[in-house]
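Step one of this worksheet: look at the structure below.
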2 protein chains.
Amino acid sequence: MDTSVARAFSILEAVARAPAPVRLSDLAHDLALQKSTVHRILKTLSALGYVDQEAVTDRYRPTLKAWEVGMVAVRNHPVRRAAAPFLTDLQTATGETVSLTVLSGDDVLYLDKIVSPRPMKFSTQPGSRIPAPLAAGGQAILAHEPEAAAIVRRVAARLLNRRDFDSDAFLRQLLVIRERGYTLSRPEPDVVAVAAPIMGRDGRAAGALTVSGPASRLGETEQQAAIEALLLACARLAETVGQI
Amino acid sequence: MDTSVARAFSILEAVARAPAPVRLSDLAHDLALQKSTVHRILKTLSALGYVDQEAVTDRYRPTLKAWEVGMVAVRNHPVRRAAAPFLTDLQTATGETVSLTVLSGDDVLYLDKIVSPRPMKFSTQPGSRIPAPLAAGGQAILAHEPEAAAIVRRVAARLLNRRDFDSDAFLRQLLVIRERGYTLSRPEPDVVAVAAPIMGRDGRAAGALTVSGPASRLGETEQQAAIEALLLACARLAETVGQI
DNA sequence: AAACGCTGTTCCGCCTGACGGAACACGGGG
DNA sequence: CCCCGTGTTCCGTCAGGCGGAACAGCGTTT
């Protein structure tokens with residue numbers, strides 16, 4: 001286990017995570033590393049183009065190289081590639097925000113998103129993650145996940161008392177969702193989200209598509225239309241994903 | 001210069017770049033490294049969550065962690081943050097594809113993009129880069145760039161004879177663009193792109209906004225409307241960017 | 001069936017190169 | 001003017017990365 005490599009990545013993550021350019025001393029302090037070590041690694045990262053240094057303050061900030069590297073990987077992501085056209089179709093069909101999520105650990109990761117041109121509250125952005133049970137897409141995925149119980153248990157422990165989350169009730173709910181083929185949830189008051197799983201060949205969900213919007217625009221009839229379009233898109237997607 | 005760190009990043013980049021999961025031997029061969037070295041570093045990267053190994057074939061593939069790290073950095077990007085609302089406004093106003101680019105080396109990097117719901121050819125995606133002089137946004141930026149001449153010269157050398165690119169004519173063209181305040185170009189037959197610079201306080205362009213679409217939809221009147229909206233957005237943006 | 005070539009993996013001795021404490025240069029504040 | 005903070009550099013020590021070689025497993029070839 002190359003310690004130097006592990007440190008380099010923890011430094012890069014710390015620099016990237018910081019909302020403003022960060023100083024060497026703070027990095028060294030926060031990561032419990034020697035200043036000279038952090039300095040040497042930062043110079044290496046800078047030579048590699050992952051980090052640069054503000055001219056005046058000597059503070060360090062991330063470049064966009066890590067993003068570029070990540071973007072080529074995400075562009076090659078098979079599910080994302082397959083789902084991309086369906087995302088745009090769903091967006092034009094429903095007029096609302098459409099997003100693609102995949103399971104990553106106990107969280108759901110927003111891989112892609114096409115936002116509604118119509119006004120919408122702040123929402124999760126691509127690249128962000130939230131505990132799977134708390135997202136409509138995550139529920140759709142968990143409904144077909146063998147390890148769902150373990151995930152739900154761990155998430156419940158993580159959330160603790162942040163909100164009243166009943167694991168057992170949630171697991172029962174997953175059975176209903178599995179039976180029905182889609183989720184309809186209200187993550188926040190005035191927000192409606194419907195999601196359906198993209199089934200892979202192994203019987204697990206390779207991801208989920210979600211349509212979300214304000215309750216004022218998504219009435220009964222609009223919800224039904226969205227669900228129908230969603231299920232159709234996911235069924236078609238399952239065919240192409242199954243071939244991978 | 002930590003050799004181990006540099007090697008780790010070159011390995012990560014190689015794994016990310018590969019369109020399909022890659023084998024250890026190929027990595028070692030391509031990067032001219034010892035198999036055992038590549039193996040050790042891959043195990044480290046795997047422990048850090050940047051890479052994982054296919055169960056059956058033992059091949060290595062990138063995870064989405066590099067992307068996540070990059071995304072938080074790009075979300076904190078000041079120009080992107082400031083420009084985001086203007087992008088959506090421009091998209092709804094013009095109905096066409098709107099993108100935000102910044103200068104990165106001699107290239108222009110696509111930081112953000114809102115695609116038109118209307119049909120459009122394949123186009124550059126966020127995270128990709130192309131030589132600045134070849135993009136409308138790049139021309140808008142270069143028109144205010146002190147080092148434009150050097151960049152144009154280097155790009156011309158890089159392109160060589162790939163297309164007939166006249167550096168001197170292009171530099172003269174930049175003066176016109178600077179004077180006019182925007183670019184109107186036809187990067188491909190049947191595609192029209194208009195771009196304007198987002199001026200920073202130092203007199204250089206912090207980025208550029210571009211509206212692009214098929215020539216069939218962007219006639220004289222639509223072009224004029226797009227240019228007007230573009231210039232207004234860039235002017236407003238310059239105010240907020242100037243305060244950073 | 002046995003030898004081969006390929007894969008990913010592991011072992012281990014050598015020695016380089018990372019480590020970290022200390023000293024340095026610069027800069028603003030008290 | 002000194003002190004505390006910053007980022008930077010130096011250098012002796014020694015751990016840990018390096019890489020050659022050997023290993024185990026699998027398919028194909030002979």
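Per chain, numbering begins at 1; letters A, B, ... match sequence-line order. Because the structure is predicted, anything quoted here is derived from the model rather than measured.
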- prompt: Taking it one step at a time, do B:Thr57 and B:Glu54 satisfy side-chain hydrogen bond (donor to acceptor under 3.5 Å, both in side chains)?
  reply: CA-CA 6 Å; B:Thr57 63; B:Glu54 268 194 339; 2.4 Å; yes
Checklist entry - So, is B:Tyr60 close to the C:dT7 phosphate, meaning a side-chain N or O under 4.0 Å from OP1 or OP2? => result no
Is the phosphate of D:dT8 approached by A:His39 (side-chain N or O, under 4.0 Å from OP1 or OP2)?
yes
Residues passing the salt bridge (charged side-chain N to carboxylate O under 4.0 Å, His left out) test with A:Arg129, sequence neighbours excluded, are A:Asp107, B:Glu68
Worksheet entry | Contact residues, residues 12-27 of chain B to DNA chain D [heavy atom, < 4.0 Å] |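 Output list: empty, so none.
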Figure out the CZ/P separation between B:Arg59 and C:dC6, and round it to whole Å.
->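 Taking CZ of B:Arg59 and P of C:dC6, I get 15 Å after rounding.
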Original post:
When the distance from NZ of A:Lys43 to C1' of D:dT9 is rounded to whole Å, what number comes out?
Top reply: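 One finds 9 Å between C1' of D:dT9 and NZ of A:Lys43, rounded.
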request  = May I ask you to check whether B:Ser104 and A:Lys65 show a side-chain donor-acceptor distance below 3.5 Å?
outcome  =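 Absent: no donor and acceptor within the cut-off.
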Report, one line per pair, each donor and acceptor closer than 3.5 Å where one atom sits in a side chain of residues 32-53 of chain B; sequence neighbours left out.
residue, atom, partner, partner atom, Å
B:Arg40, NH1, A:Asp2, OD1, 3.0
B:Arg40, NH1, A:Asp2, OD2, 2.4
B:Thr44, OG1, A:Asp2, N, 3.4
B:Thr44, OG1, A:Asp2, OD1, 3.2
B:Thr44, OG1, B:Arg40, O, 3.0
B:Tyr50, OH, A:Glu13, OE2, 2.5
B:Asp52, OD1, B:Arg61, NE, 3.1
B:Gln53, NE2, B:Asp58, O, 3.1
B:Gln53, NE2, B:Tyr60, OH, 3.2

5' to 3', nucleotides 18-28 of chain C under a 4.0 Å protein heavy-atom cut-off (B base, S sugar-phosphate only, - none) gives SSBB-------
Minimal heavy-atom distance between A:Ala82 and A:Thr240, with the atoms involved, is CB-OG1, 4.0 Å
Closest non-hydrogen contact found for A:Ala135 with A:Val108 is CB-CG1, 3.8 Å
- By side chain to side chain contact (heavy atoms under 4.5 Å, CB included), which residues pair with B:Phe86, not counting sequence neighbours?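 Residues passing side chain to side chain contact (heavy atoms under 4.5 Å, CB included) with B:Phe86: B:Ala233, B:Arg236, B:Leu237.
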Residues at least two apart in sequence or cross-chain that pass side chain to side chain contact (heavy atoms under 4.5 Å, CB included) with B:Ser167, listed by chain then number, are B:Val152, B:Ala156, B:Phe165
